[in-house]
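Starting from 1, each residue takes its place in the sequence as its number.
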Amino acid sequence: MRQFTLALLCLAFSASAAPAAERAACASSDPLRRPFFGDTHVHTAFSFDASSQDTRNTPRDAYRFAKGQRLGLQPYDERGRAQRSARLRRPLDFAVVTDHAEGLGEVRICRDPEQPGHEGDFCWMYRNFGPLAFNVMAIRTIIARDRFAFCGEDDRRCLEQAAVVWGEIQAAAEEAYDRSSACSFSSFIGYEWTASTAGGGNLHRNVIFKNAKVPAYPPSWVETPSAFALWERLQRDCIEGTPGCDALTIPHNSNLSGPGLIFESARLTADAKKRRVNREEARMRQRWEPLVEIMQHKGDSECLLGGDTKDEACAFEKLPYASFAGVGRFRQLNLSGAAADTGPQRSATVREALKKGLVLQRRLGVNPLRYGIVASTDTHLGTPGLATEDGAAGHGGAGMQGGGAVGLPDNLEFNPGGLAVLWAEENTRESLFAAMQRREAYGTSGTRPVVRMFGGWNYPQNMCSAPDFVARGYQGGVPMGGDLPAPPENADGAAPRLAVWALQDPGSARQPGTPLERVQIVKGWIERGKARERVFDIAGGDGDASVDPATCEQRGGGAKQLCAVWQDPDFDPDAGAFYYARVLENPSCRWSQRLCTAAKVNCAAPDTVPPEYAGCCAPDHRPVIRERAWTSPIWFTPE
């Protein structure tokens, strides 16, 4: 086995880019930090569930798209020409290609005629019946955690080819990274670890490396049977085995993890047997998992109505099922052990996880669910950042098979996805990775508002009018993602103050940004041993804003910016708490309604509605949404 590992190292080295060059110092660097918009969840043709749908864009294509270049999309004509294309109106600042580690080598073998196994039955099916092959691949690698016979003894052929593809992924990221003094774009090396329970419960994580120093190949769900095992492998192969290597993991789609399995013990395996969290595991999770993905193409995972959650804004981009077993194209997999889907679960939401973390901290002394917040797309078309409602191109992967040149390009319940925003001094891998680790991050539902939040004890009420708002925020407290310091001495009755400032997305010439409606603070705390929550409006509020679904014309007022200094009126110095800000925009048309409006669909005359636009008139179609942003929390821990 040792010789095999050395062989993998040689393969990865020979396939990867040249040793990373030294980068120039950035011409512009801001000690008070700037917002950088990006996408931490991107799939290309290297992912088995994207390539099975004839997605042809590679990691190199994806990075070019992130920088603003036009990219062809499926479907293709008989000559192999894309019938659709897309382009970002505003390039991203950073991106991470996260192709599935599962099936990475198998896909390569099925596509390369020189590889043993290429002419086998499965690879023949893969090349000729993509969706069917996808189902077989998913059952074999993700459900059964096994590989095919053509992988050879100890799966060596597939692991060797995975290492070669891993080298190509590294090379694409190295080519895309701007090492000049312009510091215009950062590309990270990463992948997705695609763990699932037998019943379709999602345990997926994206793995992001700090720099070009990475292990020989990406450990997958097949090799590491739990998130804890993944972190142990990364500790061994990255931190200890590769000098200069560092990494973090980001869980996503908790809304598809059944009863919140992704927030149960990290030692959870495919059997979904619950295990008690101990202090070692809590520390491990806090070290490796600083962020959670709150929204992407397959739905919003923030919160769900019920219990003490009376927050109407939680009714946003919710999927009607609780696991992958409920997704349309996955139902045919007939997942073993999958019970009848009971619908979305509150225990699977990020807000419940944050509350659960407070409870665990009382028992363990460590909060394993101390998550910062980001969002991303999970595109399987190789189109990072394509998250605007008026540019929806579909998703691939779990979405509609093949899309179409006309009609609705995706399943009605899905959305274009979100964006990750990092507050960093400059656009370099080192600076952005540090922002992820300290949780100074926020997520958006696809628009680009600028949001800052600071927490302290003595912020003045007139701080919003101060020209040095940001400097005061850092000097007097902590930014989003931080821990409140201890209360000032001799400050009986003191309560934390949060300073929140939000600026409307300026939009583009073709699509101006939407004004802001309000800023809210979501508080979670411990009361009599149980986690509670409450939502406070702190700036803006109800107004006369509306949108006409028939034309998608927006009307009424709104704010270009909102700011407030808010003090917790119910603060208990003996109770742990967290606070995060949520910024809501005025109502606007959803992606599906924009396409329905453009096609002049008349639901009053159903006989005239083309089949490709039938979703426009579906009972569960939601024509209007309110775009939003969520900041990472600020925590208070009693002494």
Side-chain angles (χ1 to χ4, degrees), residues 49-57 71-86 128-135 138 296-299 317-321 324-334 341 343 377-383 386-417 446 547-552 588-625:
D49 56 346
S51 55
S52 68
Q53 294 189 86
D54 205 23
T55 294
R56 303 186 185 185
N57 296 318
L71 199 64
L73 305 174
Q74 61 189 51
Y76 296 85
D77 63 19
E78 66 280 359
R79 296 184 179 180
R81 296 174 300 192
Q83 298 180 62
R84 298 185 299 158
S85 65
N128 292 280
F129 301 96
L132 176 60
F134 162 81
N135 293 346
Q296 54 118 278
H297 163 82
K298 295 189 288 294
E317 294 295 352
K318 291 294 181 291
L319 296 188
Y321 35 81
F324 278 105
V327 178
R329 68 173 304 186
F330 291 111
R331 293 192 195 108
Q332 58 188 297
L333 295 181
N334 192 23
D341 199 291
T377 62
D378 188 25
T379 174
H380 281 61
L381 302 178
T383 53
L386 190 60
T388 57
E389 300 294 320
D390 68 331
H395 162 254
M400 184 178 293
Q401 298 181 21
V406 296
L408 302 182
D410 212 340
N411 297 5
L412 192 63
E413 71 266 30
F414 295 153
N415 70 87
V547 60
D548 181 359
T551 63
C552 289
S588 59
C589 272
R590 191 174 187 260
W591 70 270
S592 48
Q593 184 61 25
R594 291 175 185 271
L595 292 174
C596 298
T597 299
K600 299 181 180 179
V601 173
N602 181 9
C603 293
D607 293 342
T608 69
V609 179
E612 60 268 25
Y613 287 102
C616 300
C617 307
D620 57 346
H621 181 219
R622 305 180 299 276
V624 175
I625 59 169

Shortest non-hydrogen contact from [X] toward [Y]:
| X | Y | answer |
| --- | --- | --- |
| Pro416 | Glu389 | CD-OE2, 3.7 Å |
| Thr383 | Leu73 | CG2-CD2, 3.5 Å |
| Ser592 | Arg590 | OG-NH1, 3.0 Å |
| Thr608 | Pro610 | O-CD, 3.3 Å |

So, using side-chain contact (heavy atoms from CB on, under 4.5 Å) as the criterion, who are the partners of [X] when residues are at least two apart?
| X | answer |
| --- | --- |
| Leu595 | Leu408, Pro409, Trp591 |
| Val609 | Val601, Tyr613, Cys617 |
| Asp390 | Arg89, Thr388, Arg510, Gln511, Arg594 |

Would Cys616 and Cys596 count as a disulfide bond (SG atoms under 2.5 Å apart) here? Give the steps. CA-CA 6 Å; Cys616 300; Cys596 298; 1.9 Å; yes
Worked check of side-chain contact (heavy atoms from CB on, under 4.5 Å) between Ser588 and Ile625: CA-CA 6 Å; Ser588 59; Ile625 59 169; 4.0 Å; yes
Quick one: does any side-chain atom of [X] pair with a main-chain N or O of [Y] as donor and acceptor, under 3.5 Å?
| X | Y | result |
| --- | --- | --- |
| Thr55 | Gly382 | no |
| Asn415 | Gly417 | yes |
| Gln593 | Pro549 | yes |

Let's go through Thr379 and Leu386 carefully: what are the C-alpha distance in whole Å and the side-chain angles of both, what is the deciding distance for side-chain contact (heavy atoms from CB on, under 4.5 Å) to 0.1 Å, and is it a yes or a no? CA-CA 8 Å; Thr379 174; Leu386 190 60; over 6 Å; no
Does a side-chain heavy-atom distance below 4.5 Å link Glu413 with Pro320? yes
Walk me through whether Asp620 and Leu412 qualify under side-chain contact (heavy atoms from CB on, under 4.5 Å). CA-CA 9 Å; Asp620 57 346; Leu412 192 63; 3.7 Å; yes
Should the pair Arg56 and Tyr76 be classed as cation-pi, given the thresholds of under 6.0 Å to the six-membered ring centre and 45° from the axis? yes
The test is side-chain contact (heavy atoms from CB on, under 4.5 Å); show your working for Thr377 and Gln296 and say whether it passes. CA-CA 5 Å; Thr377 62; Gln296 54 118 278; over 6 Å; no
Which value, rounded to the nearest 0.5 Å, describes the distance between Phe324 atom CZ and Lys298 atom NZ? 4.5 Å
Interatomic spacing from NE2 in His380 to CD in Gln74 - rounded to 0.5 Å: 11.0 Å
Indicate the ring-plane relationship of His297 and His395, choosing parallel, tilted or perpendicular according to the 30° and 60° boundaries.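 His297 vs His395 ring planes: parallel.
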